[in-house]
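Reviewing the structure listed below.
Numbers here are sequence positions counted from 1. Keep in mind that the numbers below use all heavy atoms, side chains included, and drop hydrogens, waters and symmetry copies. On a predicted model such as this, the values are computed, not experimentally measured, just so you know.
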Amino acid sequence: MISSILKFALLVPLVVGCLMAAASASNFYQDFDITWGDGRGKIVNNGEVLTLSLDKASGSGFQSKNEYLFGKIDMQLKLVPGNSAGTVTAYYLSSKGSTWDEIDFEFLGNLSGDPYILHTNVFSQGKGNREQQFYLWFDPTADFHTYSILWNPQRIIFSVDGTPIREFKNMESIGVSFPKSQPMRIYSSLWNADDWATRGGLVKTDWTQAPFTASYTNFNANACVWSNGASSCKSNAPSSASTNNAWLSQELDSTSQQRLQWVQKNYMIYNYCSDTKRFPQGLPPECTMS
C-alpha cells in the first residue's frame, strides 16, 4: 500500500561524533524540564515517557534543557484521543525576545471521528503568517508517530513518520528572512484554545471528557547544542558536513520530493501561498518561487 511505502524514514545519519551533541533517545529527565501545569505534566516509565494533561483548571507544558542552533529533532507523540475538540497540542522550536524565531507543529483537536488538523508555521525575526495545514493519513491518537524538524542553514523540513510534508527554503537572496542566528529550545504544551481551535471556535471543549492527555516518547536530537555563546558544532557551514553531521547540508532527494508532493496534493487543507484574499497586495515573495 502507498501509505506503508510512505512511512519509510528520510534517512539521516544518527551517529554521534565528537563534533555533535545528540540527546538520549529515551531519558526525559535528562533532556527536559516540565515548566508549568502544577503536576499535570509527568515523566514516567523511568524517563522513557512524558505525558501532558489538560483539565478545566489548567493545561501543562515542558521545554528542553538545551538550546539548539540547527539540528534534526525527532519526537514521537500520541495525541489526545476521542473528543479532543477545543484542545491544542503544540510542539515547536522557539527563541526568545520580540524578534523571535519559531518552527511550529500544532495539533488542533476535533470531535470524535473527525480528523485532527496538523498546523505548521515558520516565524523569523518575529514574523510568521506562513501557515500550512494538513490532515494526516492515519489516526494520530491510536499509537505513537514520529514528528521531525530538520533545520539547517538552507532549509527547514517538516516530516511525519519520515515522510516530508513541508519544506521552507532559505530565500534571503530575495529578501525573505530565515531562522539562522537565534538558538532555540524545544517546547511543548497542551492547552485549551476553544475560542479558535476547532471549526473557528464554533465547537467548544467538552470538559466532561477531561482530563485530556497527550504522550511523548523516543526523543532524539542530532543537533548543534548552543551553550555559553558557542556551538557544539565546529562550523555551521555546509562544507563542514561529515558522516556525523550530514543533515547540515541535507536536502530532499527525488523520492522525498515525490512524497512531499503526494502529501501536499492529498492532505494539505490550507496553504498561505494560495490565499490571495488574505494577501490582496500580492502573495509573499517566497510563494512565487518554485
Side-chain angles (χ1 to χ4, degrees), residues 6-7 9-10 61 68 70-77 79-80 84 87-95 100-110 115-138 140-141 145-152 154-171 176-180 182 184-191 193 196-198 200 214 216 247 250-252 256-257 259-275 278-279 283-284 286-287 289:
L6 287 166
K7 289 183 179 180
L10 290 174
Y68 305 95
F70 305 122
K72 170 71 162 54
I73 309 293
D74 304 305
M75 183 82 81
Q76 291 194 328
L77 279 73
L79 300 179
V80 174
S84 58
T87 71
V88 172
T89 306
Y91 160 55
Y92 59 102
L93 291 163
S94 183
S95 63
W100 78 101
D101 294 340
E102 186 171 323
I103 305 170
D104 285 346
F105 277 114
E106 289 186 288
F107 303 90
L108 313 185
N110 216 329
Y116 262 82
I117 292 174
L118 172 51
H119 175 101
T120 67
N121 204 350
V122 176
F123 288 76
S124 183
Q125 300 296 313
K127 178 184 180 298
N129 299 324
R130 299 183 177 112
E131 300 90 347
Q132 290 184 356
Q133 295 183 336
F134 305 84
Y135 288 144
L136 294 166
W137 51 94
F138 54 83
T141 72
H145 292 269
T146 304
Y147 302 90
S148 304
I149 294 169
L150 171 70
W151 170 36
N152 68 30
Q154 301 85 42
R155 57 188 43 81
I156 296 162
I157 300 171
F158 298 78
S159 298
V160 178
D161 287 340
T163 296
I165 64 168
R166 178 178 186 177
E167 180 180 30
F168 183 81
K169 294 180 179 179
N170 184 336
M171 287 183 271
V176 179
S177 59
F178 183 85
K180 68 171 190 179
Q182 299 187 59
M184 296 198 264
R185 292 188 193 274
I186 301 163
Y187 296 88
S188 190
S189 58
L190 174 57
W191 49 291
W196 65 270
T198 306
Y216 303 73
W247 56 266
Q250 184 179 337
E251 56 188 314
L252 295 176
S256 296
Q257 288 279 8
R259 293 175 179 172
L260 175 69
Q261 291 166 8
W262 179 83
V263 171
Q264 295 196 342
K265 178 181 177 181
N266 292 284
Y267 294 97
M268 180 186 283
I269 58 171
Y270 177 80
N271 181 5
Y272 76 108
C273 279
S274 302
D275 196 343
R278 182 179 177 186
F279 300 103
L283 293 171
E286 67 269 22
C287 296
M289 305 295 288

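A distance of 9.0 Å separates CG in Asp275 from CD in Glu131, rounded to the nearest 0.5 Å. Note that the CD1 atom of Ile149 and the CE atom of Met75 stand 10.0 Å from one another [nearest 0.5 Å]. The distance from the OG atom of Ser159 to the CG atom of Leu252 is 7.5 Å, given to the nearest 0.5 Å. Distance CE/Met268 to OG1/Thr120: 7.5 Å, rounded to 0.5 Å. Rounded to the nearest 0.5 Å, atoms OH (Tyr91) and CD1 (Ile73) are 6.5 Å apart. Atoms CZ and CZ, on Phe168 and Arg155 in that order, are 12.0 Å from each other to the nearest 0.5 Å.
Side-chain N or O atoms of Gln264 include one that pairs as donor or acceptor with a backbone N or O of Ile165 at under 3.5 Å. Arg166 places no side-chain N or O within donor-acceptor distance of the main-chain N or O of Phe158, the cut-off being under 3.5 Å. Looking at Ser94, its side chain never comes within 3.5 Å of a backbone N or O of Glu102 through a donor-acceptor pair. Here the side chain of Asn152 pairs a donor or acceptor atom with the backbone of Gln250 at under 3.5 angstrom. Under the 3.5 Å distance criterion, the side-chain polar atoms of Asn271 are left unmatched by any main-chain donor or acceptor of Gln133. Remark: the backbone N or O of Tyr68 is not paired with any side-chain donor or acceptor of Trp151 at under 3.5 angstrom.
Nearest heavy-atom pair across Ala214 and Val80 is N-CG2, 4.1 Å. What you find for Tyr116 and Pro140 is that their closest heavy atoms are CD1-CG, 3.9 Å. Between Pro164 and Ser256 the shortest heavy-atom distance is CG-O, 3.4 Å. Between Ser95 and Gln182, the closest heavy-atom pair is OG-OE1, 3.0 Å.
Between Trp262 and Trp137, the angle of the ring planes goes over 60°, which puts this pair in the perpendicular group of the 30/60° scheme. In this pair, Phe138 and His145 present their aromatic rings parallel. The plane angle is below 30°, not in the 30 to 60° band. In this pair, Phe279 and Tyr272 present their aromatic rings perpendicular. The plane angle is above 60°, beyond the 30 to 60° band.
Taking 4.5 Å as the limit, some side-chain heavy atom of Pro179 sits within range of a side-chain heavy atom of Ile156. Proximity of Arg278 to Asn129: side-chain heavy atoms (C-beta onward) are separated by under 4.5 Å at one or more points. Thr87 has its side chain out of reach of Trp191: every pair of non-hydrogen atoms, C-beta onward, lies at least 4.5 Å apart.
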Legend entry - Check against side-chain contact (heavy atoms from CB on, under 4.5 Å), Leu108 and Trp196: CA-CA 10 Å; Leu108 313 185; Trp196 65 270; 3.8 Å; yes

Legend entry - side chain to side chain donor-acceptor pair (under 3.5 Å) evaluation trace for Asn121 with Tyr92: CA-CA 9 Å; Asn121 204 350; Tyr92 59 102; over 6 Å; no

Inset, instruction - Starting from the C-alpha separation in whole Å, work towards a yes-or-no answer on side-chain contact (heavy atoms from CB on, under 4.5 Å) for Arg130 and Val176. - result: CA-CA 12 Å; Arg130 299 183 177 112; Val176 179; 3.9 Å; yes

Inset, instruction - Please report the C-alpha distance between Ser177 and Ser124 in whole Å, then the side-chain angles of each, then the deciding distance to 0.1 Å, and finally whether the side chain to side chain donor-acceptor pair (under 3.5 Å) criterion is met. - result: CA-CA 6 Å; Ser177 59; Ser124 183; 3.2 Å; yes

Legend entry - Stepwise side-chain contact (heavy atoms from CB on, under 4.5 Å) test for Trp247 and Ile157: CA-CA 11 Å; Trp247 56 266; Ile157 300 171; over 6 Å; no

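Between Tyr267 and Tyr135, the distance from one ring center to the other does not fall under 6.0 angstrom. A ring-centre distance under 6.0 Å is found for Phe107 and Tyr147.
A donor-acceptor contact closer than 3.5 angstrom is absent between the side chains of Gln154 and Asn170. Residues Thr198 and Asn110 bring no donor and acceptor atom of their side chains to less than 3.5 Å of each other.
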